[in-house]
Undergrad: 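My questions all concern the structure below.
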Amino acid sequence: MPIRGGKLARAYWAVNRALGGQQPPTRQQMFAAKRPLVIWLVTGLLVWGPIILAAEGKVLLPLGIAAAYGAMMAMFALLERRRQRRLVREGVWDGVHARPIGWTRAMDKRRIHGQNLRPLCEVLAHFAEHDFVGTEWEVVEAALPRTDIENNAWYSHRIEGPRRTFILKIAAIPNSADAFVEIYGVLGGRGKFMMTGILFVLDKYRVS
C-alpha cells in the first residue's frame with residue numbers, strides 16, 4: 001500500500017513506525033482491543049478505589065474522575081482495535097497470533113538461483129516500501145563471497161521501509177551459483193502466500 005501525501009505522510013509513518021505502530025499487537029493489546037468496555041470498568045474501578053479513600057466521604061467527584069479515566073482508556077482500546085484492523089488489511093499481521101519476542105522467521109530456508117538474489121531483494125523492498133538502489137545491491141554482492149552454507153556462514157541484510165522491516169539472510173553454496181536464503185520479519189497471511197509463490201519462481205527459473 002503506497003504512502004500518499006508526500007513528505008508529511010512519510011514523516012507521520014516514520015514516527016508511527018518508531019513508536020511501534022506497525023508492529024503486530026501483544027496479547028495484552030489484543031485483549032484490550034476486543035474488550036474496551038472491560039477496560040473501561042476495570043481501570044475505572046482501579047482509579048476509583050484510591051480516590052474514594054482520599055475524598056473524605058465525597059462520592060460524585062471520585063466517581064466522575066474514575067469514569068472519565070476509564071473512558072479515556074477505553075478510547076485507547078478502540079484506537080488499538082482500528083490499528084489492528086489496518087495491520088490485517090495491509091498484510092502486516094495475520095489477525096490471530098500475538099507479537100513474538102524478537103525477529104520471527106517469515107519464510108523458512110529456501111534455495112534460489114544466485115542471479116535471482118537481486119530480484120528477491122527488490123521484491124522485499126517493494127513489500128517494505130523501501131528504495132533498493134544499485135549501491136545497496138553492491139553491498140550485498142560484495143558480501144556473498146564471505147558466506148558459506150556448509151560452514152553456516154550467513155550474510156544478513158536489513159531492508160527497512162516506512163511500514164515494514166525485513167532481514168534477508170543469504171548463504172552461498174560452494175561450487176554452485178545458487179544460494180540459500182531466509183527471510184525474517186512480519187508477513188501476514190496474504191503476504192506469506194505471495195512470497196511463497198515468488199520464491200517458488202525464483203527457485204525454478206532465472207529471472208532477468
Undergrad: Under the criterion side chain to side chain contact (heavy atoms under 4.5 Å, CB included), I'd like the reasoning laid out for Ser156 against Leu168: C-alpha separation, chi angles, the key distance, then a yes or no.
TA: CA-CA 6 Å; Ser156 297; Leu168 175 63; over 6 Å; no
Undergrad: Compare every heavy atom of Glu136 with every heavy atom of Asp131, then report the nearest pair and how far apart it is.
TA: O-OE1, 3.7 Å
Undergrad: Is Phe166 reachable from Ile170 through a run of I, L, V, M, F, W or Y residues, each pair having side-chain heavy atoms under 4.5 Å apart?
TA: yes
Undergrad: Taking Met72 as the starting point, is it possible to reach Leu63 by hopping between hydrophobic residues whose side chains are less than 4.5 Å apart?
TA: no
Undergrad: Leu78 and Pro36: which non-hydrogen atoms are nearest, and at how many Å?
TA: CD2-CG, 3.8 Å
Undergrad: When you look at Ser176 and Arg111, which way does the side chain to side chain contact (heavy atoms under 4.5 Å, CB included) test go after all the steps?
TA: CA-CA 11 Å; Ser176 173; Arg111 179 170 180 161; 3.5 Å; yes
Undergrad: If hydrophobic clusters are built by linking Ile, Leu, Val, Met, Phe, Trp and Tyr wherever their side-chain heavy atoms come under 4.5 Å apart, do Tyr69 and Val42 end up in the same one?
TA: yes
Undergrad: Sub-3.5 Å donor-acceptor pair from the side chain of Trp40 to the main-chain atoms of Met73, do we have one?
TA: no
Undergrad: Do Val38 and Leu79 share a hydrophobic cluster (ILVMFWY, side-chain heavy atoms under 4.5 Å, transitive)?
TA: yes
Undergrad: Taking atom CH2 as the centre, does Trp48 end up with more than 12 heavy-atom neighbours from other residues, nucleotides or ligands that are less than 6.0 angstrom away?
TA: no
Undergrad: Could you grab the distance from atom CZ of Arg35 to atom CG of Leu41, nearest 0.5 Å is fine?
TA: 13.5 Å
Undergrad: Which is it for Lys169 and Tyr155 under the side chain to side chain contact (heavy atoms under 4.5 Å, CB included) test, yes or no, and what are the steps along the way?
TA: CA-CA 5 Å; Lys169 297 184 65 175; Tyr155 167 68; over 6 Å; no
Undergrad: Can you name the nearest heavy-atom pair linking Ala171 to Ala153, along with the distance?
TA: CB-O, 3.7 Å
Undergrad: If I compare all heavy atoms of Glu80 with all of Pro25, which pair ends up nearest, and what's the gap?
TA: OE2-CB, 3.7 Å
Undergrad: Should Val139 and Phe132 be counted in the same cluster of Ile, Leu, Val, Met, Phe, Trp and Tyr side chains packed under 4.5 Å apart?
TA: yes
Undergrad: Identify which one of Asp148, Ile149, Thr147 satisfies the side chain to side chain contact (heavy atoms under 4.5 Å, CB included) criterion when paired with Ile173.
TA: Ile149
Undergrad: With a 3.5 Å distance limit and no angle check, can you tell me whether Gln84 reaches the backbone of Gln29 through a side-chain donor-acceptor pair?
TA: yes
Undergrad: I'd like to know if the side chain of His130 pairs up with that of Glu122 as donor and acceptor (distance under 3.5 Å, no hydrogens or angles considered).
TA: no
Undergrad: Within a radius of less than 6.0 Å around CG of Leu53, do more than 12 heavy atoms belonging to other residues, nucleotides or ligands occur?
TA: yes
Undergrad: Give the minimum heavy-atom separation between Gly44 and Ala66, together with the two atoms involved.
TA: O-CB, 3.2 Å
Undergrad: I would like to know whether Leu117 and Ile112 meet side chain to side chain contact (heavy atoms under 4.5 Å, CB included); could you show each step before the answer?
TA: CA-CA 8 Å; Leu117 283 173; Ile112 66 171; 3.6 Å; yes
